[in-house]
**Student:** 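Quick one: structure below, then a few questions.
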Amino acid sequence: MTKITFVQPDGSSIDTEGENGATVMETAIMNAIPGIVAECGGACTCATCHVYVDDAWADTVGGPSSMEEDMLDFAFDVRENSRLSCQIRVKDELDGLVVHVPTRQG
Ligand code: FES
């Protein structure tokens, strides 16, 4: 299991355990993280699973694919560290990952 922390817009945080091979979005949904909607269920067609990867983790997580980048155009308040959480696969290297939930989706 891989620890993933979701930081809410008010600064509060929720620690979760993600299953390797699942996605960060699926981890959020399993743990009922507020602010992660994931309307399309992970097909990279809704942009409602948008998160900001914590600066300390940006290099490890890496950037979006071109398909994800296109979809991010539909997300709210996109920043340099924006990712769609359904496109981040949980793995050992991400143990301790911190992502920030935007103030709203879409
Ligand atoms: Fe729809 Fe990620 S869940 S794009």
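Counting convention: from 1, in listed order, for ligands and their atoms alike.
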**Student:** Counting C-beta onward and ignoring hydrogens, is there a side-chain heavy-atom pair between Q87 and P64 closer than 4.5 Å?
**Tutor:** no
**Student:** Among Ile, Leu, Val, Met, Phe, Trp and Tyr joined by side-chain contacts under 4.5 Å, find the other residues sharing a cluster with M71 and list them by chain and number.
**Tutor:** L72, F74, L84
**Student:** Relative to atom 1 (Fe) of ligand 1, how many protein N, O or S atoms have a separation of less than 2.8 Å?
**Tutor:** 2
**Student:** Quick one: side-chain hydrogen bond (donor to acceptor under 3.5 Å, both in side chains) pairs with a partner in residues 97-106, sequence neighbours left out?
**Tutor:** D54-H100
**Student:** Would you please test R79 and D77 for side chain to side chain contact (heavy atoms under 4.5 Å, CB included) and show each step?
**Tutor:** CA-CA 6 Å; R79 302 174 193 169; D77 191 17; 2.9 Å; yes
**Student:** Clusters formed by hydrophobic residues whose side-chain heavy atoms approach within less than 4.5 Å: which one holds V7, and what are its other members?
**Tutor:** I4, F6, I14, V24, M25, I29, I33, I36, V51, V53, W57, V61, I88, V90, L94, L97, V98, V99, V101
**Student:** Side chains of D15 and T5: do they bring a donor and an acceptor to under 3.5 Å?
**Tutor:** yes
